[in-house]
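Quick note: numbers below take in every heavy atom, side chains included, and nothing from hydrogens, waters or symmetry partners. Chain naming here is simple, since letters A, B, ... match the order of the sequence lines and numbering starts at 1 in each.
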There are 2 protein chains.
Amino acid sequence: MAHSGRRPGESRTRERIATSAQEAFGELGFDGATIRLIAARAGVDPALVHHYFGTKQRLFLSVMNLPFDVAAVKAQLLGPGLPGVGGRLIRYFLSVWDEQPSVRPILTGIVRSATTDPDAASLLRDFLGRQGLFQLVGAIAPDRPELRAVLVGSQLIGLAMGRYIVGIEPLASANPEDLVAAIGPPIERYLTGDLGSG
Amino acid sequence: MAHSGRRPGESRTRERIATSAQEAFGELGFDGATIRLIAARAGVDPALVHHYFGTKQRLFLSVMNLPFDVAAVKAQLLGPGLPGVGGRLIRYFLSVWDEQPSVRPILTGIVRSATTDPDAASLLRDFLGRQGLFQLVGAIAPDRPELRAVLVGSQLIGLAMGRYIVGIEPLASANPEDLVAAIGPPIERYLTGDLGSG
DNA sequence: CCGGGAATTCATCACTTGCAGAATTCAGGG
DNA sequence: CCCTGAATTCTGCAAGTGATGAATTCCCGG
């Protein structure tokens with residue numbers, strides 16, 4: 001049989017598997033994305049996926065990590081001062097989803113899988129907790145930063161679910177700046193306002 | 001073989017399958033809940049599930065409908081007048097999740113499946129759209145009711161995801177009244193406030 | 001030029017899944 | 001008392017799942 005064995009020339013196979021896995025996890029979630037489908041989209045034998053990444057769980061974790069620079073985001077959001085930080089946070093959040101085609105499958109993959117898979121749920125918790133949002137909020141609000149972080153996080157998750165995952169109109173096709181104007185102030189209240197009374 | 005054939009006496013088999021399916025869909029989502037597992041928990045042969053409900057999709061749709069009386073909820077929330085309606089909505093929402101053990105698996109089932117299954121996503125859209133939340137909001141806000149409904153819906157979905165599905169602390173174990181105080185005012189702004197500027 | 005290690009494919013295993021059909025047993029009406 | 005129809009179980013199929021192991025082919029350092 002002439003088709004087996006190593007291929008001549010350089011091969012970006014590992015990376016092609018990685019991006020194929022990102023896209024498949026993003027569209028279908030952890031359970032829906034099969035290793036055979038990932039391999040087929042990468043134009044590769046399924047056994048190669050195991051060869052490079054081991055188990056399916058390890059493939060998911062290897063491929064679903066967000067390249068976020070918390071310090072840079074913090075500077076960008078807090079640079080102009082505290083007022084308006086809610087709107088800037090929403091604008092930044094929307095810009096990541098709308099304009100960064102490389103991170104979007106990662107985000108959708110995590111959210112799509114988090115409702116079912118414990119590992120993905122842990123990733124999502126980390127993103128909103130110590131590793132992510134909490135660092136932002138901690139720099140802004142000294143009073144009850146954990147609660148403020150999860151309040152902001154809940155609104156962000158709901159926005160992502162409605163606009164990008166489930167596709168609820170008119171949220172899915174709303175103008176970004178309209179959303180900034182509508183959701184920014186509540187976010188700012190979560191960040192800097194009084195949480196005790198209306 | 002002596003174990004086949006009809007059983008004597010009355011049999012609530014269909015209902016036991018239904019509640020078993022609700023619980024399984026609620027814990028595991030549409031894909032995770034297998035027909036064999038649903039049948040096993042109901043103490044019943046898997047073929048009976050097909051006998052009563054046909055395909056798995058039909059079982060899901062038969063069992064995942066919310067018994068919500070929109071008019072009653074509307075009266076309860078708007079009875080005391082418009083002010084404070086945001087807090088009352090959150091309080092009602094939390095009470096359904098926290099205190100109604102029969103509807104909770106339905107809610108978690110819909111949310112857990114909506115990220116992956118188109119039918120479940122459609123159920124969720126209906127719940128926030130014409131069939132559900134929109135009717136509430138339409139009675140309150142004549143100005144841009146669709147946008148207001150999905151804004152409220154996004155915050156409710158995020159709250160459910162964080163508190164009940166993914167389990168993000170301190171949201172998951174927060175005092176309900178603290179959440180009413182924190183999230184009520186933003187909800188009320190979505191319902192009655194000015195959406196154009198901060 | 002040759003030999004070890006990496007890349008690639010094939011074949012397959014052990015399971016699980018949704019679903020269908022035949023066979024068996026009970027209930028209730030004529 | 002029979003007979004139609006409903007309830008229940010068994011068996012099994014066809015497809016798909018993650019994962020493994022052997023075999024083949026190429027690259028590259030000695």
Side-chain angles (χ1 to χ4, degrees), chain A residues 1-22 24-25 27-64 109 112-113 116-120, chain B residues 1-22 24-25 27-64 109 112-113 116-120:
Chain A
M1 40 202 62
H3 299 90
S4 68
R6 185 170 189 164
R7 294 286 166 275
E10 58 182 14
S11 84
R12 288 271 122 80
T13 304
R14 189 193 164 96
E15 306 159 30
R16 291 179 51 200
I17 292 177
T19 71
S20 166
Q22 281 182 354
F25 285 137
E27 295 172 26
L28 308 166
F30 179 81
D31 297 313
T34 72
I35 286 191
R36 284 170 163 85
L37 175 72
I38 292 171
R41 289 199 188 173
V44 148
D45 190 276
L48 266 186
V49 181
H50 288 110
H51 178 250
Y52 281 114
F53 295 93
T55 174
K56 189 184 181 185
Q57 293 276 348
R58 286 224 298 268
L59 169 63
F60 182 80
L61 293 177
S62 299
V63 146
M64 288 281 132
R112 278 215 162 86
S113 311
T116 282
D117 187 82
D119 283 346
Chain B
M1 46 200 62
H3 299 90
S4 69
R6 183 172 188 162
R7 293 286 168 274
E10 58 183 12
S11 82
R12 287 271 122 82
T13 304
R14 189 193 164 96
E15 307 159 29
R16 292 179 50 200
I17 293 177
T19 72
S20 165
Q22 281 182 354
F25 284 138
E27 296 172 25
L28 308 166
F30 180 81
D31 297 313
T34 72
I35 287 191
R36 283 170 162 85
L37 176 72
I38 292 170
R41 288 199 188 172
V44 147
D45 191 275
L48 266 186
V49 181
H50 288 112
H51 175 65
Y52 281 114
F53 294 94
T55 173
K56 189 184 179 184
Q57 293 277 346
R58 285 224 298 267
L59 170 64
F60 183 80
L61 293 177
S62 300
V63 146
M64 288 281 129
R112 278 216 163 85
S113 311
T116 283
D117 187 83
D119 283 345

What pair of heavy atoms forms the shortest contact from B:Arg58 to B:Gly54, and how long is it? NH2-CA, 3.8 Å
Spacing between [X] atom [atom1] and [N] atom [atom2], to the nearest angstrom:
X: B:His51; N: C:dC26; atom1: NE2; atom2: C1'; answer: 13 Å
X: B:Leu48; N: C:dC26; atom1: CG; atom2: P; answer: 15 Å
X: B:Arg14; N: D:dT8; atom1: CZ; atom2: C1'; answer: 16 Å

Is any side-chain nitrogen or oxygen of B:Tyr52 closer than 4.0 Å to OP1 or OP2 of D:dT8? yes
Between the CZ atom in A:Phe25 and the CD1 atom in A:Ile38, the distance rounded to the nearest 0.5 Å is 4.0 Å
Do nucleotides 14-21 of chain C as a string where each nucleotide becomes B, S or -: B if the base has a protein heavy atom under 4.0 Å, S if just the sugar-phosphate does, - if no protein is that close. ---BBB-B
Could you note down all residue pairs passing side-chain hydrogen bond (donor to acceptor under 3.5 Å, both in side chains) where residues 27-48 of chain B supplies at least one of them, sequence neighbours left out? B:Glu27-B:Arg41
Aromatic plane relationship, B:Phe30 with B:Phe60 - under 30° parallel, 30 to 60° tilted, over 60° perpendicular: perpendicular
The criterion is side chain to side chain donor-acceptor pair (under 3.5 Å); which residues satisfy it with A:Thr13, sequence neighbours excluded? A:Ser11
Ignoring hydrogens and geometry, is there a side-chain-to-backbone donor-acceptor pair from B:Arg16 to B:Ala42 under 3.5 Å? yes
